[in-house]
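The structure appears right after this line, and notes come after that.
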Number of protein chains: 2
Amino acid sequence: MSTLRQQRRAETQRAIQTHAIRLFTERGYDATTVADVAEAAGVSPMTVYRHFPTKEDLVLVDEYGALIAGRIAASPAGQPLVRRIGTALVEAAALLTAGTEKRFLLARLRLMISTPALRARHLDNVYALQQAIVDALPAGDPEADFRAHAAASACLAAMHTALVRWAADDGRADLPDLISKALAAAFGPELYTGPCSGKAG
Amino acid sequence: MSTLRQQRRAETQRAIQTHAIRLFTERGYDATTVADVAEAAGVSPMTVYRHFPTKEDLVLVDEYGALIAGRIAASPAGQPLVRRIGTALVEAAALLTAGTEKRFLLARLRLMISTPALRARHLDNVYALQQAIVDALPAGDPEADFRAHAAASACLAAMHTALVRWAADDGRADLPDLISKALAAAFGPELYTGPCSGKAG
DNA sequence: CTCGATTGTGTTAGCGACTACCAGTTTGGT
DNA sequence: ACCAAACTGGTAGTCGCTAACACAATCGAG
């Protein structure tokens with residue numbers, strides 16, 4: 001395709017999102033209207049909706065979902081589910097925090113956690129990721145599917161706990177390490193040194 | 001205190017909610033306006049908002065939160081966290097399904113799962129329950145608090161998986177049993193017979 | 001370089017959730 | 001019977017969001 005058009009598009013998108021996060025942080029999410037964001041970014045309110053389907057999507061972080069699902073699908077099938085999923089989450093967190101815009105990521109995370117509407121939407125995104133993880137595992141009987149859902153949801157819940165803690169610490173702690181600790185607190189440390197018992201599925 | 005006024009109030013509340021669930025199930029949540037619900041219930045749109053803060057609250061189920069927190073606070077402190085929390089969740093589910101309005105509860109649950117906006121709000125309610133559970137545990141150092149959050153979130157995620165499965169089965173399965181199975185699938189069956197480390201070592 | 005097609009942007013009008021404010025009526029206690 | 005409280009309704013307005021139409025910029029091809 002072309003470059004100039006996509007370049008301008010990405011440029012305005014970043015401008016809109018940057019001003020949105022700034023205004024949301026300064027005045028609060030609910031106290032900031034989409035018109036305010038549009039005016040700050042120098043565009044019309046319609047343009048905001050052309051680039052972001054909803055006001056919430058100006059803040060939400062979604063990436064790495066496909067990456068996580070892919071890693072889990074490629075992980076050795078002999079290990080217990082929570083270890084396979086937990087390892088993928090820790091590795092994805094390492095990639096996430098390796099990005100250069102950690103301060104921007106933290107600002108979005110803080111908004112997501114403190115604003116009820118954003119928190120609800122984020123939790124629903126995590127729920128969608130849970131479905132993606134289950135879909136990445138080989139489909140078995142309904143019983144195995146149920147166990148996969150239970151394991152995935154529990155792992156993601158532990159990860160979310162680590163995310164909240166990481167944001168509360170202003171990103172000073174190591175996120176992958178926090179996720180590991182949360183997983184260990186929920187499932188016991190045995191899951192990272194060896195199977196707790198023969199869990200023949 | 002209570003007689004005619006509270007009786008009428010509860011009566012109109014039930015009328016509004018019943019018609020709301022019926023219309024939402026028939027036409028879909030998004031395709032039904034609050035004005036439709038008000039008209040069906042024979043009240044003004046204003047009255048709907050007086051009894052239910054938002055349209056979503058016409059569907060959401062919240063009860064048993066305080067009950068669960070209380071049971072966890074009263075559970076023996078020697079057991080692992082996931083066992084204490086899991087036991088309380090199973091017992092609360094037994095009380096929930098013992099109610100007489102199982103069909104009504106199932107209708108609300110189906111709406112909550114299939115409608116994105118309701119699902120997100122419900123997940124945020126579960127998150128609030130997680131906080132209530134952690135607050136019900138004796139406050140320790142930040143590390144213990146973190147572990148409590150991780151354990152509570154993982155248990156509630158497993159419970160949510162069981163809820164989804166129960167709704168998919170149209171309530172034919174036994175909900176407490178499903179929750180037990182989900183917890184066992186996530187944490188291993190050892191957590192219900194004894195500590196994991198004792199058996200592995 | 002020009003022409004037609006695609007795409008980004010703006011304007012207007014409108015729906016629906018939700019709130020604030022004001023007014024009328026009913027209920028409970030004395 | 002009286003007064004204070006609560007329940008209800010109407011009006012107007014804000015905000016998130018969508019649809020329909022018009023205009024300008026950009027790109028591919030002749």
Side-chain angles (χ1 to χ4, degrees), chain A residues 1-21 23-24 26-60 111-112 115-122 124-125, chain B residues 1-21 23-24 26-60 111-112 115-122 124-125:
Chain A
M1 296 264 292
S2 60
T3 53
L4 198 152
R5 266 234 257 260
Q6 291 192 343
Q7 187 177 343
R8 280 192 183 273
R9 182 173 181 81
E11 191 176 323
T12 58
Q13 272 194 22
R14 226 189 61 252
I16 291 172
Q17 195 177 39
T18 303
H19 283 101
I21 301 298
L23 290 176
F24 292 163
E26 288 174 7
R27 316 179 189 171
Y29 177 80
D30 294 318
T32 307
T33 71
V34 175
D36 293 337
V37 174
E39 192 183 0
V43 297
S44 108
M46 274 303 306
T47 303
V48 176
Y49 287 110
R50 291 241 159 72
H51 290 270
F52 299 90
T54 74
K55 183 186 178 186
E56 296 159 353
D57 287 295
L58 287 165
V59 181
L60 298 177
L111 281 169
M112 273 172 29
T115 307
L118 294 173
R119 189 176 53 223
R121 271 287 316 261
H122 171 67
D124 196 45
N125 283 356
Chain B
M1 286 276 290
S2 70
T3 40
L4 201 150
R5 212 163 226 174
Q6 292 192 340
Q7 186 177 343
R8 279 192 184 273
R9 182 173 180 81
E11 190 175 326
T12 58
Q13 272 194 19
R14 225 189 60 251
I16 291 172
Q17 195 177 40
T18 303
H19 283 101
I21 302 298
L23 290 176
F24 291 163
E26 289 175 6
R27 315 178 189 172
Y29 177 81
D30 294 318
T32 308
T33 72
V34 175
D36 293 338
V37 174
E39 191 183 0
V43 296
S44 107
M46 280 298 308
T47 303
V48 176
Y49 286 110
R50 294 235 202 283
H51 290 271
F52 300 89
T54 72
K55 183 185 177 186
E56 296 159 353
D57 287 294
L58 288 165
V59 181
L60 296 178
L111 282 170
M112 275 173 26
T115 307
L118 294 174
R119 189 177 54 223
R121 272 285 317 259
H122 170 67
D124 196 44
N125 284 357

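Small disclaimer: the values here were computed from a predicted structure and weren't measured. Within every chain, numbering begins at 1; the chains are lettered A, B, ... in the order of the sequence lines, protein sequences first and strands thereafter.
- The list of side-chain hydrogen bond (donor to acceptor under 3.5 Å, both in side chains) pairs with a residue in residues 40-51 of chain A, not counting sequence neighbours, reads A:Gln13-A:His51.
- Note: A:Leu118 CG to A:Phe24 CZ = 7.5 Å, rounded to the nearest 0.5 Å.
- Smallest separation of non-hydrogen atoms from A:Phe52 and A:Asp57: CD2-O, 3.7 Å.
- Between A:His19 atom NE2 and A:Arg14 atom CZ the span is 10.5 Å, to the nearest 0.5 Å.
- Side-chain N or O atoms of A:Thr12 include one that pairs as donor or acceptor with a backbone N or O of A:Arg9 at under 3.5 Å.
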When the side chains of residues 27-39 of chain A are checked against the rest of the protein, which donor-acceptor pairs come out under 3.5 Å, sequence neighbours left out?
| residue | atom | partner | partner atom | Å |
| --- | --- | --- | --- | --- |
| A:Arg27 | NH1 | A:Asp36 | OD2 | 3.4 |
| A:Tyr29 | OH | A:Glu56 | N | 3.3 |
| A:Thr32 | OG1 | A:Gly28 | O | 2.7 |
| A:Thr33 | OG1 | A:Ala35 | N | 3.4 |
| A:Thr33 | OG1 | A:Asp36 | N | 3.1 |
| A:Thr33 | OG1 | A:Asp36 | OD1 | 3.4 |
| A:Thr33 | OG1 | A:Asp36 | OD2 | 3.2 |
| A:Asp36 | OD2 | A:Thr33 | N | 3.1 |

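- Looking at residues 47-55 of chain A, you'll see A:Tyr49, A:Arg50, A:Pro53, A:Thr54, A:Lys55 sit with a heavy atom under 4.0 Å from some atom of DNA chain D.
- Applying the side-chain contact (heavy atoms from CB on, under 4.5 Å) test to A:Glu26 and every residue at least two apart in sequence or in another chain returns A:Arg22, A:Leu23.
- At a non-hydrogen distance threshold of 4.0 Å, B:Thr32, B:Thr33, B:Val34 from residues 29-44 of chain B come into contact with DNA chain C.
- Taking atom CD on B:Gln7 and atom C1' on D:dA6, their separation rounds to 16 Å, with Å as the unit.
- For the pair B:Gln6 CD and C:dT26 C1', the computed distance is 16 Å after rounding to whole Å.
- The side chain of A:Met46 lies closest to D:dT18 when the candidates are D:dA5, C:dG8, D:dT18.
- Only A:Arg9, A:Thr12, listed by number, bring a heavy atom of residues 8-17 of chain A to less than 4.0 angstrom from any atom of DNA chain C.
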Just do the side chain to side chain contact (heavy atoms under 4.5 Å, CB included) check on A:Leu58 and A:Ile21 with the steps written out, would you? CA-CA 8 Å; A:Leu58 287 165; A:Ile21 301 298; 5.6 Å; no
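- The line from CG of B:Asn125 to CZ of B:Arg121 is 5.5 Å long, rounded to the nearest 0.5 Å.
- Of all heavy-atom pairs between A:Asp124 and B:Ala120, the closest is CB-CB, 3.9 Å.
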